[in-house]
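Here is the structure we will look at, set down as structure tokens.
Note that the coordinates shown come from a computational prediction; the quantities given were computed from them, not determined experimentally.
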Amino acid sequence: MAKFETRVQELKYNVLKETIKYLDSNKEVDYNTVSTISHTIIPGNKPSFRCCVYKERAIVEERVKLTLGASSKVDTNVIKVIPIACDECPLGGYTISDACRGCIAHKCYEACPKKCITFNEELRASIDKSKCVNCGMCAKACPYSAIENRVRPCEKACKQKAISASNDPSGTNEAVINDEKCIHCGQCVYTCPFGAIVDVSYIKEILELLKNAPKNGEHIYAVVAPSIGGNFTNFKNGQIVNAIKKLGFYEVVEAALGADMVALDESHELEERGMLTSSCCPAFALYIRKFFPELSQYISTSLSPMAQIGKYIKENDDKAKVVFIGPCTAKKSEIKHPNVRNYVDSAMTFEELQAFIDARNIDVASLEEVDFKKGSSFGRGFAKCGGLSKAVEQALQETNSSFKVNGVNVDGIDNIKKVLLELKKGNAPFNFIEGMACEGGCIGGPCNLEHTIRNKLAVDKYSGAAEHQIKENISKEGKI
């Protein structure tokens, strides 16, 4: 079943799968556990991805510790750096490349506010790093584009500049995360080519929930994100639902059904307040609170689809526990929010679900399709940027409202920042902002199994196969 875009995903998968298999064996977790798992994943003496097997095992052991020790109740930041795995990518900043022609215009020198550019005997430019402030003016001025900004992949991915080098006195320069700026979007997790940045896993506590459910008289519900339609594309969705139930879940419910409920709530709220920013993407909402706190007043008070359907489930089943499954690292943070933690007990990703299914040796291809509580085509559309806006417009239409939505759909932090700056200035030409931290929306989430055009098309097909009325779908499917 396993299919990977990168070896980083493969390593994450193997750690998760072997950890689950170890926990399933009913062995006690002690000081030998981590070593046992690392030797299972890295056998023999031949390295396969780092300089030696000893470093490989050390990296695996740190990953296993994060899997065994994480708790959704206590973790402050769900994104962690594994120092030993960080390759301490060169801190180049702006650098003169071989493309420098030694021209006589010296536009780079004239543009530099610190005058830190000098020229050698061949008139080739160089930068005095002791003076350079990385403003980039020289690069803009160079007619040959000979000046490059060499930025670490993780730093480049983090648009809110939450990642930097440690600059430790000992000489190490591994990446560190500033929790005050981090919005838990996970783009650094997906981007780091060494797998040195990881999202914590709550798989151990999920296993315990499932194991203890019978004696505690509990029903463990799995709430799956609508972007499931773009994952596990070699199988039918009903087969994946069956596999999830075979893991021990009592029932499977689509978060898109919660999205239908949110669309109705947000349409009413937008009509009442006149200006609104969406609350469905936790990274987007957190970005506003941290970087544009004065605009927090516009964030919708509606719960996210995950939290909304979790609330609905628990209101209708007093034995319910809820586990969210999706492509998002920020959801692992959202479940600790005071407005959410009573409705959703834990969360895991599609990557973790795949490892879970394979650790239990479930042959998905042989399974029959099983039905589950579904969302409408509009609820499923929340998986892509712009889907929420369409759903809100549909909800207003179904409630015979005359209110007109003049919305703007933005994905990616750079684009979000531009729109929020426009709102901050006042007199914005829109009344609704749908923001998604990941490019493309949830289908661009860091923990999707793949990020290809085929998967995006699969989400469109999945959405189109559902009910095309929001209220009617809630009436039909909203019975727990």
Between [X] (side chain) and [Y] (backbone), is there a donor-acceptor pair under 3.5 Å?
{"X": "T329", "Y": "G186", "answer": "yes"}
{"X": "K80", "Y": "R63", "answer": "no"}
{"X": "R57", "Y": "C52", "answer": "no"}
{"X": "T349", "Y": "P327", "answer": "no"}
{"X": "S35", "Y": "N32", "answer": "no"}
{"X": "Q239", "Y": "F235", "answer": "no"}
{"X": "E62", "Y": "I82", "answer": "no"}

Where [X] and [Y] come nearest, the two heavy atoms and their spacing:
{"X": "A283", "Y": "A437", "result": "CB-CB, 3.6 Å"}
{"X": "A165", "Y": "E155", "result": "N-OE2, 4.2 Å"}
{"X": "G136", "Y": "Y94", "result": "CA-CZ, 3.3 Å"}
{"X": "E254", "Y": "K374", "result": "OE1-CA, 3.3 Å"}
{"X": "P226", "Y": "A255", "result": "CD-CB, 4.1 Å"}
{"X": "H184", "Y": "S333", "result": "ND1-OG, 2.8 Å"}

Q. Parallel, tilted or perpendicular: which describes the rings of F232 and F350, with under 30° parallel and over 60° perpendicular?
A.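 Perpendicular, since the angle between the ring planes exceeds 60°.
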Reported [atom1]-to-[atom2] distance for the pair [X] and [Y], which is rounded to 0.5 angstrom:
{"X": "E174", "Y": "C154", "atom1": "CD", "atom2": "SG", "answer": "11.0 Å"}
{"X": "Q160", "Y": "C185", "atom1": "CD", "atom2": "SG", "answer": "5.0 Å"}
{"X": "N14", "Y": "I41", "atom1": "CG", "atom2": "CD1", "answer": "6.0 Å"}
{"X": "C86", "Y": "N173", "atom1": "SG", "atom2": "CG", "answer": "8.5 Å"}
{"X": "F356", "Y": "L247", "atom1": "CZ", "atom2": "CG", "answer": "4.5 Å"}
{"X": "E450", "Y": "E5", "atom1": "CD", "atom2": "CD", "answer": "6.0 Å"}

Using the test side-chain contact (heavy atoms from CB on, under 4.5 Å), find all partners of [X] that sit at least two apart in sequence or belong to another chain.
{"X": "A157", "result": "Q187, T191"}
{"X": "D414", "result": "K159"}
{"X": "S300", "result": "E266, E269, L276, S279, S302"}
{"X": "L457", "result": "I453, D460"}

(Q) Walk me through whether K332 and Y202 qualify under side-chain contact (heavy atoms from CB on, under 4.5 Å). (A) CA-CA 8 Å; K332 293 181 176 182; Y202 302 140; 3.8 Å; yes
Only distances under 3.5 Å count here; give the side-chain donor-acceptor pairs of residues 438-448 to other protein atoms, sequence neighbours excluded, each with its distance to 0.1 Å.
{"unit_1": "N448", "atom_1": "OD1", "unit_2": "N231", "atom_2": "ND2", "d": "2.9"}
{"unit_1": "N448", "atom_1": "ND2", "unit_2": "C442", "atom_2": "O", "d": "2.9"}
{"unit_1": "N448", "atom_1": "ND2", "unit_2": "I443", "atom_2": "O", "d": "3.1"}
{"unit_1": "N448", "atom_1": "ND2", "unit_2": "G445", "atom_2": "O", "d": "3.1"}

Please check if the number of heavy atoms outside [X] that lie under 6.0 Å from its [atom1] is greater than 12.
{"X": "E180", "atom1": "CD", "result": "no"}
{"X": "K236", "atom1": "NZ", "result": "no"}
{"X": "D363", "atom1": "CG", "result": "yes"}
{"X": "F49", "atom1": "CZ", "result": "yes"}
{"X": "K290", "atom1": "NZ", "result": "yes"}

Run the side chain to side chain donor-acceptor pair (under 3.5 Å) test against [X] and tell me which residues pass, sequence neighbours left out.
{"X": "S278", "value": "none"}
{"X": "E368", "value": "none"}
{"X": "E477", "value": "none"}

Less than 4.5 Å apart, any side-chain heavy atom of [X] and any of [Y]?
{"X": "D411", "Y": "K384", "result": "no"}
{"X": "I163", "Y": "V176", "result": "no"}
{"X": "I79", "Y": "C188", "result": "yes"}
{"X": "F284", "Y": "I433", "result": "yes"}
{"X": "I413", "Y": "F291", "result": "no"}
{"X": "C385", "Y": "V410", "result": "no"}

Q: Quick one: do S389 and E434 satisfy side-chain hydrogen bond (donor to acceptor under 3.5 Å, both in side chains)? Show the steps, please.
A: CA-CA 7 Å; S389 295; E434 176 188 341; 2.8 Å; yes
Q | NZ/NE/NH1/NH2 to OD/OE distance under 4.0 Å, K331 and D199 | A |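 A salt bridge is absent here (no side-chain N lies under 4.0 Å from a carboxylate O).
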Q | Salt bridge flag under 4.0 Å for residues E351 and K12 | A |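 Counted as a salt bridge, because a side-chain N and a carboxylate O are separated by less than 4.0 Å.
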Q: Start with the C-alpha distance between D87 and R50, add both sets of side-chain angles, then the distance that settles side-chain contact (heavy atoms from CB on, under 4.5 Å), and finish with yes or no.
A: CA-CA 10 Å; D87 196 55; R50 297 306 282 261; 3.8 Å; yes
(Q) Please determine whether side-chain contact (heavy atoms from CB on, under 4.5 Å) holds for the pair L68 and T33, giving the CA-CA distance in whole Å, both sets of side-chain angles, and the decisive distance to 0.1 Å. (A) CA-CA 10 Å; L68 292 174; T33 300; 3.8 Å; yes
Q.
Checking V64 against E18 for the side-chain contact (heavy atoms from CB on, under 4.5 Å) test, could you report, in this order, the C-alpha distance in whole Å, the side-chain angles of both residues, the deciding distance, and whether it holds?
A. CA-CA 9 Å; V64 173; E18 293 303 324; over 6 Å; no
Q: Please list all pairs passing the ring pair (Phe, Tyr, Trp, His ring centres under 6.0 Å) test where one or both residues lie in residues 433-466, with sequence neighbours left out.
A: Y190-H451
Q | side chain to side chain donor-acceptor pair (under 3.5 Å) contacts in which one or both residues fall within residues 312-324, not counting sequence neighbours | A |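 Every side chain to side chain donor-acceptor pair (under 3.5 Å) pair that includes a residue of residues 312-324, provided the two are not neighbours, is H219-D317, Y221-D317, K311-E315, K314-D345.
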**Q.** Sole candidate of L303, V322, V223 that passes side-chain contact (heavy atoms from CB on, under 4.5 Å) when paired with Y343
**A.** L303
Q: Say whether S346 and E205, considering side chains only, have a donor N or O and an acceptor N or O under 3.5 Å apart.
A: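 The criterion, which ignores hydrogens and geometry beyond distance, is satisfied for E205 and S346.
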Q.
Applying salt bridge (charged side-chain N to carboxylate O under 4.0 Å, His left out), can you list everything that pairs with E61, at least two apart in sequence or on another chain?
A. none
Identify each donor-acceptor pair in which a side-chain atom of residues 207-218 lies under 3.5 Å from a protein atom, sequence neighbours left out, and give them as a table.
{"unit_1": "E208", "atom_1": "OE2", "unit_2": "K204", "atom_2": "NZ", "d": "3.0"}
{"unit_1": "N212", "atom_1": "ND2", "unit_2": "E208", "atom_2": "O", "d": "3.1"}
{"unit_1": "N216", "atom_1": "ND2", "unit_2": "N212", "atom_2": "O", "d": "3.3"}

